[in-house]
Every structure is written in structure tokens, then in C-alpha cells.
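So the structure is just underneath, and the comments pick up after that.
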Amino acid sequence: MFAGWGSFVARFRWAVLAGAIIAVAAAGVWGMGVFDRLSEGGYTDPGSESSRAAAVVREELGPQDGDVVVIYRPTQGSIDDPALGRRIEARLAALPKSSVTAVAGYWPGKVEQYAAADKKSAVAVLTLTGEDDGDKLEAFREVGDKLSVTGATVQLAGAAPLGDASAARSTEDLAFAEAVSLPVVLILLLLIFGSLVAASLPVLVGGCAVLGSLGVLNAIANTHDVNSFAVNVASLLGLGMAIDYGLFMVGRFREEQGFGRTPAQAVTRTVATAGRTVVFSATLLMIALAGLLLFPQGFLKSLAYGGLAAVALAAVLSLTLLPALLAVLGHRVDKLPVRLPRRRRSRPAGTGWAALADTVLRRPVLVALPILAGLLVLAAPIRGVQFGENDERVLPATEPARQAVEALKRDFPALSSAGIQVVLRGSLADTEAFADAVQKVPGIAAVTPAGKGGDVVTYTATLADKDPFSKAARTAVDRIRDLRPPTGSQLLVGGTTARNVDSLAATADRLPLMVALLVGATLLLMFLAFGSVLLPIKAVLMSALSLSATFGILVWIFEDGHGADLLRITPAPLEAGIVVLMAAVVFGLSTDYEVFLLSRMVEARTRGASTAEAVTTGLARTGRVISAAAVLLIVVTGAFALSSVSTMRFVGVGMIIALFLDATVVRMLLVPAVLRLMGDAAWWAPGPLRRLQQRAGLAEYEDEELFPTVSVGRHAAPDTSPAPEPPDTAPAPQPPDTAPAPPLELVPADAGTPARKAHQPLREAHQPWAAVVGLPVAGLPVAGSAPVPGPGRITVEEQILGDFRPTADLAARPAPPPGDPTP
């Protein structure tokens with residue numbers, strides 16, 4: 001299937017290229033309109049008790065909290081100055097009715113509840129037009145600069161000013177992150193590929209993926225609320241994953257051309273190998289992101305929309321636009337080379353990774369136990385984690401909107417959103433007695449009337465704890481809900497703390513479904529890809545361990561406050577939605593690197609390698625590329641750590657930690673050690689399941705009939721494709737004291753399962769080539785005693801690592817510049 005698609009793209013490259021460019025350009029131009037449709041809400045469960053309480057109050061009493069709270073503080077005199085009062089009244093009366101539907105406050109009636117206790121400030125509460133957060137933000141931007149008066153300073157608090165400040169800073173930070181990361185990524189790709197043309201291709205695909213995802217988000221915004229953070233997620237994942245996928249695709253294409261294949265053949269083989277791995281990896285990450293759709297909060301659904309659109313487009317463009325570009329460029333992909341000073345290599349590339357694998361395989365217990373202990377220690381802070389909502393603390397301490405909210409909470413506690421909203425609906429008898437009962441609840445400092453109308457009466461219960469997300473605040477909500485309401489009345493509890501309690505309950509209720517989806521899909525897809533029962537289980541456990549360590553570090557920093565001054569953040573409970581997003585992305589990326597690593601191991605295994613040889617081959621072939629991919633993704637996502645909004649900084653720091661741990665400690669050390677301890681059992685599957693996997697046709701091996709091996713002297717089968725005559729060169733010298741090696745047998749991938757004794761001659765025959773590339777094949781410990789999958793199928797090509805290129809028998813063109821990765 002993949003080879004057929006690659007052949008199609010190579011044949012109709014101009015049509016595919018034109019279609020992809022037109023589609024991306026149209027989606028990008030139209031998608032720019034999404035910025036006017038984004039909201040800042042969606043953090044609550046719409047079916048929760050707190051949401052019903054807010055709806056009842058809004059229907060019966062009208063808006064109570066207001067969308068904007070304007071704090072007036074006289075520069076001299078008091079709030080009762082008649083001249084100041086007249087100026088404020090005139091200013092408020094002049095506000096356009098198209099933006100403001102209602103105004104309440106201290107003036108003109110000098111209502112005491114709108115004045116501070118020290119009489120040094122007073123407020124006016126504005127209700128904005130609009131049905132959703134996006135409309136209210138637009139209305140606020142119409143009046144935000146029309147509220148100042150002579151003789152008083154003005155601070156703007158409330159949901160609308162806070163949302164506007166968050167959106168503005170997020171947009172600025174996103175542009176800054178991209179401006180920082182893209183040049184660095186391009187430089188790193190230049191170092192990896194050694195060619196400006198090759199280096200620019202992944203960045204081009206990443207930009208197209210981001211533009212296309214904006215078009216998808218704009219289409220979704222027509223019928224659903226889309227939180228502004230969805231654009232940040234789309235930018236982060238679209239750019240990051242497209243660069244990762246492009247690294248593997250371009251690197252494999254250049255490798256195939258280095259073996260003498262024509263551009264069309266190289267594209268076909270690239271799509272069938274690296275392209276297949278990209279599809280598996282993208283599918284696993286998309287399933288992880290789709291788990292966010294299980295939650296009722298609109299915020300999480302928005303993150304799913306952005307992430308799914310970006311990852312899907314990154315994968316689709318990597319299999320359409322990128323192969324078409326490669327087919328058009330052909331050998332010109334190496335144009336504009338960048339010659340960098342390099343140290344002369346004493347041994348071929350890949351030898352260091354092979355040596356690392358050899359060290360790990362010889363002492364797996366000594367490697368695995370300290371790593372496992374260290375990861376568990378890093379995960380320990382999770383035990384004390386607390387969850388909250390995004391509030392003013394996500395903004396810098398110098399942000400005016402944050403300072404206004406802090407002043408409102410300090411001077412007007414009854415008007416701030418930090419209190420608990422108590423709503424009684426029905427019979428209004430004995431409501432004062434019920435208010436006295438609420439006053440006696442531990443953790444409640446005061447209870448004040450907040451409104452009355454029809455059959456509804458509301459009270460505001462002020463918390464003794466200043467943190468609305470503390471354990472004491474959540475306990476107070478639970479105890480108020482346990483009170484028996486007056487006869488004939490219905491009790492509803494709302495407010496910030498209640499919303500947090502309900503949101504966490506909804507998240508905890510759906511989280512097992514998301515975990516089941518992630519684990520089930522990972523086990524199924526990895527089994528279909530690799531044909532093993534234990535490899536997918538190991539992958540899930542490794543990803544869970546890496547994820548736990550990552551979150552332990554994040555709790556230690558962002559909640560416990562270690563290093564908070566260095567990062568310029570205010571310690572606060574973690575926002576549950578962002579934690580769930582990070583869990584999905586980190587789990588998906590962990591599995592992503594596992595697929596890249598295991599795919600090469602399984603390729604070697606199906607060609608007759610032992611477990612130790614398969615691990616060595618896999619690590620030597622992918623170690624450099626996985627490290628390069630992780631570094632690139634760290635740059636793209638880590639740029640968000642420079643954001644002034646702590647939510648984005650949380651994502652950036654979290655991705656840096658997760659990628660570093662997973663791509664180095666876990667994949668390069670722990671996974672090989674665990675595989676060595678598992679031995680041949682790692683590849684086991686029951687007969688019926690293995691036959692099912694074979695019928696699925698998704699196994700990770702290459703069909704030699706479809707992709708004939710290019711001739712390398714007498715060591716491989718002849719290539720059926722036309723190729724130029726090789727130059728007249730002397731045969732490569734054999735290593736000293738080594739007899740000429742017999743030719744390797746190339747057989748179909750489904751040929752028999754002979755006993756291990758058929759494998760030993762293969763290893764001995766391969767010793768000369770192992771010496772050439774520095775692979776310590778002979779003498780590696782052989783794990784277990786189970787029969788190997790089949791006779792020797794390791795082609796000479798499979799033993800060539802890093803920058804090593806055949807020259808004598810494959811001189812179809814000059815070798816590409818240094819720095820070519822080998823996926």
C-alpha cells in the first residue's frame with residue numbers, strides 16, 4: 001500500500017505538488033479569520049451543578065458578577081467628592097449601548113457594597129453584550145479605553161480584561177516563540193543535512209501544516225467554541241511533528257539515493273519505509289489527542305481540535321507534498337551545500353551508538369535499576385499535586401489586569417469571583433436561617449446576601465483561605481452541598497471553587513476512558529506493526545514511567561515553587577486541562593520514538609539477527625536520528641518556555657523535560673537494557689495472533705522483491721533497475737587475517753524458521769562487514785534459546801551506518817555532503 005502510494009506520488013509529482021500547495025494556501029488565507037472567533041472560556045463542565053447555579057442566577061436575576069469591574073481610586077480627596085462622582089457618571093452614561101447592556105456601581109446612589117472599607121476606592125460593574133466569550137471580548141475592546149476620568153486612577157478587573165490580556169500575551173508569545181525557534185531549527189537542520197535545500201524542506205512542510213490547521217480551526221469555529229490556546233497547540237504540534245517527520249523522510253530519501261537508486265525509486269522506497277513509520281506514529285499521537293474529546297470541557301475539546309488538525313496535516317503533507325518535492329528535486333536535494341569544519345573520523349558514524357548498545361547489553365541490570373529508581377524519585381512529587389483553574393496568576397506580576405484582580409480580591413472580596421455562590425430556588429422561607437448554617441461551615445469567613453428576585457435568592461460565602469483552589473476551600477464546598485436546604489427549596493452551589501470541584505470530578509470520571517483508549521490503541525497498533533505481544537506492553541510501561549517522572553518535576557517547579565523566581569512564575573495549583581493535554585502529547589511522543597527505535601530492531605530481527613544484534617542494529621541505526629529529532633522538537637516546543645503566560649511556559653518546560661528524559665535515558669539506555677533482560681521472549685506472540693498480524697500486512701519488514709538490493713560486489717543480489725557502469729576500481733581490501741566472506745542469501749521475509757544454528761554462519765560471514773562499519777556483531781551475548789525468525793536476511797545495505805556510502809560499486813553519483821542522517 002505504502003509503496004504503491006509512493007510510486008503514484010513519484011509519477012504524478014507535479015500534480016500532487018500543485019494540489020497540495022493550492023490547498024494549503026487556500027486554507028491558510030481563509031484560516032486567518034479564526035483569530036476573530038476564538039474564545040477564552042470552556043474550562044467548566046456545562047452539565048455540572050456549578051454551571052446550573054450560574055444559569056439559574058442569570059435567568060432569574062440577570063448578570064450578577066459583571067464582565068468588567070472598573071476600580072476608581074481618587075488621586076486626592078475621597079470617593080464621595082461630588083465633582084468626581086459627576087465625571088464618573090457622565091463617563092459611564094456615554095458608553096455605547098451596542099457594547100454595554102447594564103451598569104451598576106457606587107455612583108450615583110453611593111451603594112455601600114460597591115465601596116472599599118477604607119473609602120479609598122469604589123467600583124462600577126459593566127455587563128457587556130454578546131452571548132459568548134468571543135463576543136464579550138470584542139465588546140470590551142470597544143470600551144476598554146473609554147473608562148478613564150480626570151482625578152482618579154483606573155484599574156480594569158473581571159473576566160473580560162483578564163481574557164483580553166491573556167489572549168494578547170499568548171498571541172505575542174506565539175509569534176516570539178516561532179521567531180526564535182525557526183532560525184535555530186534551520187541551523188540545526190543545516191548541521192544535520194549539510195545542505196540548505198534539504199534543511200529547508202522539513203521547515204517548509206511545518207509551515208504548511210500550521211497554515212492548514214488554521215483553516216481547519218476556522219471551519220470548526222463556525223459551529224463550536226474554540227479556545228485561543230488551540231492555536232498555540234496547533235502551531236506547536238504542527239511545526240514540531242512536521243519537522244520530525246521531515247527529518248526521517250528526507251534522511252531516508254538521501255540514503256536511498258546514496259545507494260544508487262533513481263529519484264522515483266528512492267521516493268517509492270522512502271514512502272514505503274519511513275512513510276509507513278510516520279503513519280503509525282501520527283496515528284498513535286492522534287489517538288492520544290482524540291482522547292481529549294471524551295471530556296465535557298470545551299477547553300479540552302478545543303485542544304483536541306488544534307492538535308488533531310496539526311498532526312494529521314503534518315503526516316498528510318509528509319506523505320504528499322514532501323515526497324512530491326523530493327521527486328522533483330532528485331539529486332538537487334543536496335544543492336547549496338554548507339561546508340562545515342569537521343574532525344576527521346577515526347571510525348564510521350554509528351559506531352558510538354553500537355558501542356553504547358554493547359555496554360548496556362553486557363550489564364543490563366546495572367543500567368536498568370538506577371534508571372528505574374531515579375525515575376521513581378522524580379515522580380514522587382505527584383503525590384501532593386493540586387489542581388485549579390487558570391486565574392490571574394498565569395500572567396506576570398507586572399500585568400495591569402492581574403494587579404486589578406488582586407486589588408479587587410483585597411478590597412472588594414464580596415465582588416470577586418473567589419467566593420462560593422449559594423443559590424436557593426423555590427420557597428424562600430427560612431433562607432436567613434440557612435445562611436447562618438452556611439456561616440458555621442469550617443472554612444467560611446462570612447456570608448453576605450448577593451441578590452433576590454422571583455423564587456431565587458443568592459448568597460456569597462467568603463472563604464477564610466485566600467486560595468480558592470486549596471483543600472480547605474474544596475472541603476467547604478462539599479460541606480455546604482451536604483447541608484439540608486429549607487423545605488420546598490433547591491440548593492445549588494456555584495462559584496470559582498465549586499467550578500473547580502466539578503471540573504475535576506468530570507475529568508476524573510472520563511480519565512479512565514482516555515487511558516483505556518491510549519493503552520488499547522497502542523497495544524493493538526504496535527502488535528500489528530511488530531508482531532509481538534510483549535513489545536507493546538513494554539512500550540506502554542516505559543511511556544507511563546517517563547510521563548510520571550515528567551509530571552513529578554513539573555509539580556516540583558510550578559506548584560511547589562522550586563525555581564519559580566528563576567522562571568518568573570507564581571506557584572499555583574496546576575490547571576487540569578493542560579495536564580491532560582500534556583499527558584496525551586507526551587504519551588504519544590514517547591510511543592512515537594519507541595516506534596522509530598523498534599522498527600529498525602524488528603527489521604534486523606526478521607532478517608535473522610539475535611536479540612542482542614537486533615538491539616545493537618536498531619540503536620546504531622536510529623540513535624543519532626532520534627536524538628536529532630528530539631533536539632529539534634525541544635527547540636520548537638521549548639521556545640514556549642520563554643512565554644510570559646505561565647500556562648504556555650508550563651507546556652514548554654514540560655516538553656523539554658519529557659523529550660530529554662524519553663529520547664536519552666529511556667529510549668537509549670532503559671529500553672535496550674529491558675530488551676536484553678527479556679531476551680527472545682520480547683519477540684514472542686501466540687501462533688493465532690501472529691497469523692492474524694501477518695494477514696494484516698502491516699509488519700515492519702522490507703519486501704526484497706519490491707525493493708531489490710543494489711549490487712555491492714558479490715555480497716548482494718543484483719539490482720534489476722538500470723544503473724550506470726561502475727568505474728574500474730580495485731575491490732575493497734579485506735581486513736587482515738580474514739578469509740573472503742561467502743555471499744549472503746537473500747530470501748523472502750516469510751521463509752521458514754530454522755533453528756539458531758542457521759544463524760551462526762551468517763554472523764561469521766558478516767564479520768568482515770562488521771569490521772568495516774565498526775559493529776561488534778561477533779561475540780555479542782545471545783539472549784534466550786528460542787529459534788530465530790528465519791535464515792540470514794541482513795543485506796549489506798542494512799549494515800551500512802551513518803555517513804558510510806558505497807563508492808566502488810555504487811558510483812552512480814558523487815557522495816552527498818557530510819551530515820546525512822540515516823533513519
Side-chain angles (χ1 to χ4, degrees), residues 28 31-32 35 38 165-193 196 198-214 228-247 303 306-307 310-311 313-314 338 340 394-396 398-399 550 553-554 557-558 563-569 578 581-582 585-586 589 627-661 663:
M32 291 300 172
F35 294 99
L38 299 175
S166 297
R169 282 193 173 265
S170 295
T171 302
E172 294 171 1
D173 292 341
L174 178 60
F176 176 73
E178 291 177 345
V180 170
S181 63
L182 282 178
V184 178
V185 165
L186 188 57
I187 292 172
L188 290 175
L189 286 169
L190 278 173
L191 296 176
I192 294 169
F193 286 126
L196 183 59
S200 63
L201 293 180
V203 177
L204 173 63
V205 174
C208 290
V210 173
L211 285 177
S213 63
L214 292 180
S228 63
F229 203 75
V231 175
N232 300 65
V233 172
S235 176
L236 182 149
L237 290 180
L239 188 60
M241 299 317 300
I243 289 174
D244 256 17
Y245 298 154
L247 175 68
L303 301 184
V311 175
L313 283 171
V338 177
L340 299 172
V394 303
L395 296 174
T398 56
E399 172 63 42
T550 299
I553 298 173
L554 290 176
I557 295 174
F558 284 85
D565 293 337
L566 181 64
L567 291 174
R568 299 192 304 277
I569 58 173
I578 295 297
L581 168 70
M582 285 288 296
V585 173
V586 171
L589 289 176
S627 299
V631 169
L632 291 172
L633 197 53
I634 283 174
V635 171
V636 173
T637 60
F640 284 75
L642 303 175
S643 171
S644 59
V645 179
S646 63
T647 303
M648 294 176 64
R649 183 163 291 184
F650 179 89
V651 173
V653 173
M655 293 298 293
I656 292 174
I657 295 170
L659 290 167
F660 175 79
L661 286 177

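Counting begins at 1 with the first residue of the sequence.
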Legend entry - Interatomic distance, Thr171 atom OG1 to Phe176 atom CZ [nearest 0.5 angstrom]: 15.0 Å
Legend entry - Minimal non-hydrogen separation, Ala209 against Ala242, with atom names: CB-CB, 4.4 Å
Inset, instruction - Mark yes or no for whether Ser235, through its side chain, and Val231, through its backbone, hold a donor-acceptor pair below 3.5 Å. - result: no
Inset, instruction - Might you work through the side chain to side chain contact (heavy atoms under 4.5 Å, CB included) test for Phe558 and Thr647, ending with a clear yes or no? - result: CA-CA 10 Å; Phe558 284 85; Thr647 303; over 6 Å; no
Inset, instruction - Determine the minimum heavy-atom distance between Ala630 and Leu659, stating which atoms define it. - result: O-CD1, 4.3 Å
Inset, instruction - Apply the test side chain to side chain contact (heavy atoms under 4.5 Å, CB included) to residues Ile569 and Phe650: give CA-CA distance (whole Å), side-chain angles for both, the deciding distance (0.1 Å), then the verdict. - result: CA-CA 10 Å; Ile569 58 173; Phe650 179 89; over 6 Å; no
Legend entry - Heavy-atom pair with the smallest gap, counting every atom of Leu395 and Ala165: CD1-CB, 4.0 Å
Inset, instruction - Identify the two heavy atoms, one from Val394 and one from Ser166, that lie closest to each other, and give their separation to 0.1 Å. - result: CG2-OG, 4.4 Å
Legend entry - pair Ser646-Arg568: side-chain heavy atoms closer than 4.5 Å: no
Legend entry - Atom pair CE/CD1 of Met655 and Ile657 - distance to nearest 0.5 Å: 11.0 Å
Legend entry - For Leu211, all residues meeting side-chain contact (heavy atoms from CB on, under 4.5 Å), sequence neighbours excluded: Val24, Met32
Inset, instruction - Would you check, one step at a time, whether the test side chain to side chain contact (heavy atoms under 4.5 Å, CB included) holds for Val205 with Tyr245? - result: CA-CA 9 Å; Val205 174; Tyr245 298 154; over 6 Å; no
Legend entry - Atom pair CG/CG of Leu247 and Leu188 - distance to nearest 0.5 Å: 10.5 Å
Inset, instruction - Would you indicate whether the side-chain heavy atoms of Val636 and Glu178 approach each other to under 4.5 Å? - result: no
Inset, instruction - Answer yes or no: is there a side-chain heavy-atom contact under 4.5 Å between Ile243 and Leu633? - result: no
Legend entry - Exercise: identify the closest heavy-atom pair between Ala629 and Asp244: O-OD1, 3.0 Å
Inset, instruction - Apply side-chain contact (heavy atoms from CB on, under 4.5 Å) to Leu236 and list each qualifying residue two or more places apart in sequence or on a separate chain. - result: Thr637, Phe640, Val651
Legend entry - Interatomic distance, Cys208 atom SG to Leu313 atom CG [nearest 0.5 angstrom]: 10.0 Å
Inset, instruction - To the nearest 0.5 angstrom, please state how far the CG atom of Leu196 sits from the CG atom of Leu190. - result: 5.5 Å
Inset, instruction - Report the distance from atom CD of Glu399 to atom OG of Ser644, rounding to the nearest 0.5 Å. - result: 8.0 Å
Inset, instruction - Only counting residues at least two apart or in another chain, list the ones meeting side-chain contact (heavy atoms from CB on, under 4.5 Å) with Ser170. - result: Asn232, Val645, Met648
Legend entry - Validation row: Leu201, Phe193 side chains within 4.5 angstrom (heavy atoms): no
Legend entry - Heavy-atom pair with the smallest gap, counting every atom of Asp173 and Ser643: OD2-OG, 2.6 Å
Legend entry - pair Val203-Val185: side-chain heavy atoms closer than 4.5 Å: yes
